[in-house]
Number of protein chains: 2
Amino acid sequence: MNANDTRQFRSVCESAGLAVTHQRQVVYEVLRSTHGHPSPEEVYARVRRKIPSISLATVYKTIHSFIEGGIFHEVSLHHGSLRVETNQTPHHHLVCTHCRSIHDIDESELGLTTQGGKLPGGFLVERYAIDVLGRCPACQQAEGQAT
Amino acid sequence: MNANDTRQFRSVCESAGLAVTHQRQVVYEVLRSTHGHPSPEEVYARVRRKIPSISLATVYKTIHSFIEGGIFHEVSLHHGSLRVETNQTPHHHLVCTHCRSIHDIDESELGLTTQGGKLPGGFLVERYAIDVLGRCPACQQAEGQAT
DNA sequence: CTCAATGCAAAGATTTTGCATGACT
DNA sequence: AGTCATGCAAAATCTTTGCATTGAG
């Protein structure tokens, strides 16, 4: 956490309209230096090594501030509760980054629009999130050994 | 819920190795006749109109049985807890449908493989889940009116 | 000095589990 | 008959909130 880091962090906070605090800077540095897709608990554990007195609530609040400010993204916008897919035909999802509503869209309707374009229904595209679902090598091996 | 429905449901259960129960059939019919992406609570509310004595736990267990049996899908495989995306470069996700691990894959590495094919790392592709993220018309309008 | 951020503890929401009872095969 | 499913209540997670205190601008 040198002077450069601090300078960069100040400008990050400024662009997001956030006050610069020690807690936020440490959470930021931890996220920047962590690989993968950490949960708030994991972030909390790492941050506590630098600030033992930080509270989990602050970590949550800070992560949310960063996400609202566009500094980090969430892996999934619908992590709150289980949702069942009732539409059995192949389709994709229009997910509003603000209200998190989900609307189905047929494969054919989604002409892989130009980034930032509007889809027929008036949905303003910000970005795509593509999940490739399947079996990881470890699970394939485990299943091969299963009786 | 006529004889045809029951016959179809019996074969659905058979293919998934599930016992045929009245509760399961009603949950099944509710899911088939519901649009959108219902939560377990919503399913519970609808099922209770047919079986007032059903418990929420049974609805959860039934939904999980259906998902495990491949009868229905979940909208998102990572709905359990918030996860932060630390990889700032454009990428997609390899999500194991079994262990739910998430690995990043560069846009370039993902040659939009043939359905069912294997990716270089050995990941066995089952299907794609594409979320188009952006602003729904309602939120665009609300934001236009905001001060 | 003023407003926002933090820490703590308690509450809320969602989901799972243990166990006794009852239903399917 | 034996196993699996159900219902209930309690427990386990994960996340948010209210409020007093502290810190940033």
Side-chain angles (χ1 to χ4, degrees), chain A residues 6-7 9-30 37-45 47-69 71-72 74-84 100, chain B residues 6-7 9-30 37-45 47-69 71-72 74-84 100:
Chain A
T6 300
R7 204 173 315 127
F9 181 65
R10 297 193 92 88
S11 85
V12 163
C13 284
E14 190 175 13
S15 70
L18 293 172
V20 175
T21 69
H22 184 218
Q23 285 88 339
R24 283 181 178 161
Q25 179 158 7
V26 172
V27 171
Y28 179 81
E29 301 293 348
V30 161
H37 314 88
S39 65
E41 284 283 354
E42 286 169 330
V43 175
Y44 177 52
V47 170
R48 272 219 284 194
R49 304 212 274 259
K50 298 268 185 61
I51 312 176
S53 63
I54 199 171
S55 74
L56 180 57
T58 297
V59 172
Y60 269 97
K61 288 167 186 166
T62 303
I63 290 173
H64 284 145
S65 299
F66 288 167
I67 289 170
E68 274 174 40
I71 301 169
F72 289 96
E74 328 177 44
V75 170
S76 168
L77 260 70
H78 9 78
H79 63 84
S81 84
L82 173 63
R83 294 305 178 97
V84 184
R100 291 169 188 242
Chain B
T6 300
R7 204 175 313 127
F9 181 65
R10 296 194 93 89
S11 84
V12 163
C13 283
E14 189 175 13
S15 70
L18 293 173
V20 176
T21 70
H22 183 220
Q23 285 87 338
R24 282 180 179 162
Q25 179 159 7
V26 172
V27 171
Y28 179 81
E29 301 293 347
V30 160
H37 314 88
S39 65
E41 284 284 354
E42 286 168 331
V43 176
Y44 178 52
V47 172
R48 272 220 284 194
R49 305 212 273 256
K50 297 268 186 61
I51 313 175
S53 63
I54 199 172
S55 75
L56 180 57
T58 297
V59 171
Y60 268 98
K61 287 167 186 166
T62 303
I63 290 173
H64 284 145
S65 299
F66 287 166
I67 289 169
E68 273 175 40
I71 301 169
F72 288 96
E74 327 177 45
V75 170
S76 168
L77 261 69
H78 9 79
H79 63 84
S81 84
L82 173 63
R83 293 306 177 98
V84 185
R100 292 169 188 242

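Proteins get letters first, then strands, A, B, ... in listed order; numbering begins at 1 in each.
Taking 4.0 angstrom as the limit, B:Arg10 places a side-chain polar atom (N or O) nearer than this to OP1 or OP2 of C:dT25. When the side-chain nitrogen and oxygen atoms of B:Thr21 are compared with OP1 and OP2 of D:dT6, one or more of them lie within a distance under 4.0 Å. Using a 4.0 Å cut-off, no side-chain N or O of B:Ser55 falls inside it from OP1 or OP2 of D:dC8. Put simply, A:His22 has no side-chain N or O that comes within less than 4.0 Å of OP1 or OP2 on C:dA5. A close approach under 4.0 Å does not occur between any side-chain nitrogen or oxygen of B:Gln23 and OP1 or OP2 of C:dA23.
Distance from the side chain of B:Ser53 is smallest for D:dG7 among the nucleotides C:dC24, D:dG7, C:dT15. Closest to the A:Tyr60 side chain, of the nucleotides C:dG7, D:dT15, C:dC24, is D:dT15. Nearest to the side-chain atoms of B:Leu82 among the listed nucleotides C:dT15, D:dT15, C:dT6 stands D:dT15. In the set D:dT15, C:dT6, D:dA5, the nucleotide with an atom closest to the side chain of A:Thr58 is C:dT6. The A:Lys61 side chain lies nearest to D:dG18 when the options are D:dG18, D:dA24, D:dT6. Of the candidate nucleotides C:dA9, D:dG25, C:dT15, D:dG25 has the atom lying nearest to any side-chain atom of A:Val20.
Among all heavy-atom pairs drawn from A:Pro40 and A:Leu56, the shortest one is O-CD1, 4.3 Å.
Along DNA chain C, the nucleotide nearest A:Gly17 and the nucleotide nearest B:Leu56 are compared for position; the residue whose nucleotide lies closer to the 5' end is A:Gly17. Between B:Thr62 and A:Ala57, the residue whose closest nucleotide on DNA chain D is further toward the 5' end is B:Thr62.
Checked by atom type and distance alone, the side chain of A:Arg24 pairs as donor or acceptor with a backbone atom of A:Ala19 at under 3.5 Å.
A side-chain donor from one of B:Tyr44 and B:Arg48 sits under 3.5 Å from a side-chain acceptor of the other. Using modelled atom types, one finds no donor on one side chain facing an acceptor on the other under 3.5 Å when comparing B:Ser39 with A:Ser81.
Atoms CZ (B:Arg83) and P (D:dT13) sit 15 Å apart, rounded to a whole Å. Atom-to-atom, NE2 of B:His64 to P of C:dT14 comes out at 14 Å; the value is rounded to the nearest Å. Across the protein-nucleic acid pair, A:Glu74 atom CD and D:dT15 atom P stand 10 Å apart, rounded to whole Å. As rounded to whole Å, 11 Å separates atom P of D:dG7 from atom CZ of B:Arg24. The separation between A:Ile51 atom CD1 and C:dC8 atom P is 12 Å, rounded to whole Å.
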